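Encoded as structure tokens, the structure appears first; notes follow it.
One-based numbering, in listed order, for ligands and for the atoms of each. Everything quoted here is computed from the prediction, not taken from an experiment.
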Amino acid sequence: EKGGFPSFMEKEIHDQPDAVLQTLLGRSDIHGRLTLDELRVDPELLKNVNKIIVLACGTSAYAGQVAKYAIEHWCRIPTEVELSHEFRYRDPIVDENTLIVSISQSGETMDTLMAVRYAKEQGAKTVSICNTNGSTIPRESDAVLYTHAGPEIAVASTKAFLAQITAAYLLGLYLAQLRGNKFQGEIKDILADLGKIPAKIQHILDNEAQIKELGRSMADAKSVLFLGRHVGFPVAMEGALKLKELAYIHAEGFAAGELKHGPIALIEEGQPVFVVVPSPRGRDSLHSKVVSNIQEVRARGARTIVIAEEGDEAVKAYAEHVFYIPETPTLLAPLLATVPLQIFALALASAKGYDVDQPRNLAKSVTVE
Ligand code: F6R
């Protein structure tokens, strides 16, 4: 049942092209229009939404943080992402025009369930993005958009994460479509680019040997830092979480722009630093700013490991290792850039002899608050 892989986690990493594909299937027509009738929410209600709050924990919350960039960009609806267990305890501002989007692989996470219940009591509309049919959170929500990643057995989430980002993007595009905003013309193109993601993930998986070898070679690392900017920031945090969970070593993700506001003090000779670099074709000057960050940590002795877009030659000067991911629009890059980080954590933890499917102290679904 592990499909010939040594662990469920490795199998599930390799399931990712299909997880994204299945989550996209049947949700748009040949004209490039989203058809999310399965949501069964009155479109008028969705048109009136003036605030979105994404509620989730752990990896699912990082999927929410990625989605925030896309939803705000496409829908122009203010979107917050909040850890479910913090939400109820801060007197949040929620009313009937607030759309709550919960994200949960299991659909049973008690913190998220309690947050959704609380939001419903305040009159909010609730949509659940969930991977488990008939689980509690979707049953208690007004609507559900299932991720079709298939059962996720390994405790550390991998394919569910990519499917959650995909589903949240579909929801964002659907809201943009309903509200008839200026992105109408682009929805079709974005859907076409999403359709190309599974083959691009497969390309990364076909070339995984190099990142696996790096993971094995760093089994003695005491701490690994991850930097990212824009959608690369939650990707960096997810990369760090995978390493904490699986390899039990200190790992932390930072917004690359924060470096000079504190974290750069951590950099000393030999400190491994992953940097998730935005596409050089992207807007603004984000690419060059992140390349400067690589240079800054390298100058202080860091071992720099860079995830960059194919063809990005500028990163080579300061990178000890470069892992290239296929070209894709900036907002879709997390669906690719996450994959090498998962493989790195898997390889490093396996080299240490740890059980990657059942890391110590963790449970697959956390059904207590
Ligand atoms: C990380 C991980 C956890 C879960 C979190 C939420 O690899 O698996 O952080 O993402 O416990 O679980 P769900 O999505 O089931 O609500």
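Here E108 has no heavy atoms under 4.0 Å from ligand 1, in either its backbone or its side chain. With a 4.0 Å heavy-atom cut-off, ligand 1 is reached by no atom of K364.
Taking only nitrogen or oxygen atoms, main chain and side chain alike, S60 reaches within less than 3.5 Å of ligand 1.
The environment of CG in D206 is crowded: more than 12 heavy-atom neighbours from other residues, nucleotides or ligands sit within 6.0 Å. More than 12 heavy atoms of other residues, nucleotides or ligands shown are found within 6.0 angstrom of CD on E320.
For R298 (side chain) and Y318 (main-chain N/O), a donor-acceptor pair under 3.5 Å exists by modelled atom type. With hydrogens and angles disregarded, no donor-acceptor distance shorter than 3.5 Å links the side chain of K125 to the backbone of S141. Judged by distance alone, the side chain of Y62 and the main-chain N or O of G239 form no donor-acceptor pair under 3.5 Å.
Interface of E245 with ligand 1, defined as ligand atoms under 4.0 Å from a residue heavy atom, comprises 1 (C), 2 (C), 7 (O). Ligand-side atoms of ligand 1 in range of S104: 13 (P), 14 (O), 15 (O), 16 (O), range being under 4.0 angstrom from any heavy atom. Within ligand 1, the atoms closer than 4.0 Å to a non-hydrogen atom of T59 are 1 (C), 2 (C), 7 (O), 9 (O), 10 (O), numbered from 1 in the order shown. Against a heavy-atom cut-off of under 4.0 Å, A156 is close to the following atoms of ligand 1: 7 (O). Less than 4.0 angstrom separates some heavy atom of G58 from each of these atoms of ligand 1: 9 (O). Near K242, the atoms of ligand 1 lying under 4.0 angstrom from a non-hydrogen atom of the residue are 1 (C), 7 (O).
Every residue two or more places apart in sequence or in another chain that forms a side chain to side chain contact (heavy atoms under 4.5 Å, CB included) with K212 is listed here: E10, E208, R216, I343, A347. Legend: residues meeting ring-ring contact (aromatic ring centres under 6.0 Å, His included) with F274, ordered by chain and number and at least two apart, are F226, F344.
Look at I137 and you'll find every heavy atom at least 4.0 Å from all atoms of ligand 1.
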Please evaluate residues R281 and E309 with respect to the criterion salt bridge (charged side-chain N to carboxylate O under 4.0 Å, His left out), reporting the C-alpha separation (whole Å), side-chain torsions for both, the decisive distance (0.1 Å), and the verdict. CA-CA 9 Å; R281 300 170 302 110; E309 187 176 87; 2.8 Å; yes
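The protein atom (non-hydrogen) at minimum distance from atom 6 (C) of ligand 1 is C57 O, 3.4 Å. Scanning the protein for heavy atoms near atom 11 (O) of ligand 1, the closest one is V366 CG2, 4.4 Å. Counting only heavy atoms of the protein, atom 8 (O) of ligand 1 lies nearest to V155 O, 3.2 Å. Of all protein heavy atoms, the one closest to atom 12 (O) of ligand 1 is T109 OG1, 3.5 Å. Protein heavy atom in closest approach to atom 15 (O) of ligand 1: S106 OG, 2.7 Å.
Remark: K2 qualifies as a cation-pi partner of F8 under the 6.0 Å distance and 45° angle criteria applied to the six-membered ring.
Ion pairing between a basic and an acidic side chain is recognised when a charged N comes within 4.0 Å of a carboxylate O; R27 and E38 show such pairing.
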